[in-house]
2 protein chains.
Amino acid sequence: MPKARLTPASVTEAAAALVDEVGFDNLSMGLLAERLGIKTPSLYKHVSSQADLAHRIAILAMTEAGDVIRDAIQGRSGSDALAAGAQAMRTYVREHPGRYTAANAVRPTGPDDPFIPASERVLASWAAMLSGYGLDPGQEIHAMRTLRSVLHGFATLEAAGGFQIDTSVDESFTWLINFIDQGLRAGASTGAR
Amino acid sequence: MPKARLTPASVTEAAAALVDEVGFDNLSMGLLAERLGIKTPSLYKHVSSQADLAHRIAILAMTEAGDVIRDAIQGRSGSDALAAGAQAMRTYVREHPGRYTAANAVRPTGPDDPFIPASERVLASWAAMLSGYGLDPGQEIHAMRTLRSVLHGFATLEAAGGFQIDTSVDESFTWLINFIDQGLRAGASTGAR
DNA sequence: CACAGCGAGCTAATGCGATTAGCTTAAGGC
DNA sequence: GCCTTAAGCTAATCGCATTAGCTCGCTGTG
């Protein structure tokens with residue numbers, strides 16, 4: 001076998017870094033090739049298409065995000081776990097906006113797509129965190145969806161520059177986390193919607 | 001003046017309808033031209049580029065969404081206004097996913113971009129609705145951002161098929177609205193974060 | 001009623017980015 | 001030291017956005 005300078009994994013890693021710099025929409029095979037010091041067609045020796053590349057970036061991103069969130073929640077519970085997990089996710093998205101966009105641009109290609117377990121790991125972390133609130137089992141799915149909605153929505157809006165710079169966005173995010181925490185505590189005690 | 005079959009407005013309208021069918025990412029000048037019964041280059045007599053077209057769709061979408069939300073909130077207050085406004089927005093996004101994507105893909109081109117007043121109208125409706133909760137003035141910005149985050153996040157995730165079909169998404173949305181309503185009421189009485 | 005101009009639409013051509021075909025060559029296993 | 005294999009290259013194709021320049025019908029005017 002000849003020298004293995006580049007691999008699908010290393011190409012994906014480089015593409016992920018690139019996408020965080022220039023934005024997911026501005027990813028091009030030519031730009032990536034230039035970064036890697038090779039000609040554009042040579043990329044096809046490692047990834048089968050640009051869609052494939054985007055898909056690999058998405059899996060990478062989802063895996064990294066899953067790790068970061070799990071580590072943040074690790075050893076904490078209740079409000080602390082929520083705050084740590086949410087902050088970890090926001091930090092990840094801020095540092096890797098392109099990767100995050102890629103992760104959200106992807107649809108699983110089939111039942112054995114590695115993207116599926118990767119995203120399930122993220123969901124599992126959130127579920128573990130939520131379980132600490134002792135919600136009514138029937139409520140958990142709704143709480144989960146609400147949580148995902150706020151976090152995803154905030155991250156997306158922030159990444160898109162959707163918030164005016166007047167008031168601190170950091171402050172808004174802690175306020176938001178607190179808001180969710182209060183609601184979950186209340187919901188747990190009430191058991192009602 | 002020759003016959004005015006097509007105008008920038010009518011082309012934009014057709015493009016908006018198209019984008020809702022095929023998805024924003026699959027919009028192409030060729031496809032739109034075909035729909036309009038003209039050849040691709042003729043489109044450039046009405047819009048200056050595909051980016052221009054996308055921008056016009058975004059303005060249209062933001063304007064329509066603003067109308068829909070304003071009308072829903074009209075004559076209601078408090079929980080009712082929140083529920084009606086949120087439902088109106090979700091309905092709009094479900095019926096016009098392509099338009100909504102376009103609206104979020106756009107950055108204002110300058111200080112006199114008509115997109116700016118259009119989006120401000122949306123924000124103004126939410127602000128009017130929130131004022132009914134009598135929040136502490138310092139909290140309003142955070143509440144607004146939180147509200148936008150949940151609604152945007154939910155709409156986006158739903159449009160992307162991010163929710164598994166197991167449990168009713170409608171139910172989750174009413175739960176979410178209720179969750180926000182409870183939180184806002186509590187925040188109003190407490191005045192605390 | 002003839003006519004002059006404008007502008008919508010058309011065809012032909014350009015350019016860029018993704019992708020494919022086929023060649024070349026260096027490296028690792030025998 | 002040879003032989004296979006695959007990484008990388010050049011040349012070519014394709015699709016899609018965009019530009020250039022022509023044409024012709026409508027409309028307002030004399």
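Below, all heavy atoms of this structure are taken into account, side chains as well, without hydrogens, waters or symmetry copies. Order of the sequence lines fixes the chain letters, A, B, ..., with proteins taken first and strands second; residue numbering starts at 1 for each chain. Please read all numbers here as calculations on a predicted model, not as lab measurements.
Protein atom CG of B/N26 is 11 Å distant from nucleotide atom P of D/dC16, rounded to whole Å. B/L6 places its CG atom 15 Å from the P atom of D/dC26, with the value rounded to the nearest Å. Atom pair A/L32:CG and C/dG17:P shows a separation of 14 Å (rounding to whole Å applied). Rounding to whole angstrom units, CD of residue A/E34 and C1' of D/dG8 are separated by 17 Å.
The aromatic ring centres of B/F154 and B/F173 sit less than 6.0 Å apart.
Chaining together hydrophobic side chains whose heavy atoms lie under 4.5 Å apart leaves B/L60 on its own.
Under the 3.5 Å distance criterion, with hydrogens and angles disregarded, no donor-acceptor pair is assigned to the side chains of B/S125 and B/R70. With 3.5 Å as the limit, one finds a donor-acceptor pair spanning the side chains of B/R185 and B/S79.
Screening residues 17-26 of chain A for side-chain hydrogen bond (donor to acceptor under 3.5 Å, both in side chains), with sequence neighbours left out, gives A/D20-A/H96, A/D20-A/R99, A/E21-A/R35.
We find that B/R121 and B/D71 are not joined by a salt bridge, their nearest charged nitrogen and carboxylate oxygen being 4.0 Å or further apart.
Of the residues in residues 38-52 of chain A, A/I38, A/K39, A/P41, A/S42, A/K45, A/H46 come within less than 4.0 Å of DNA chain D through at least one heavy atom, sorted by number.
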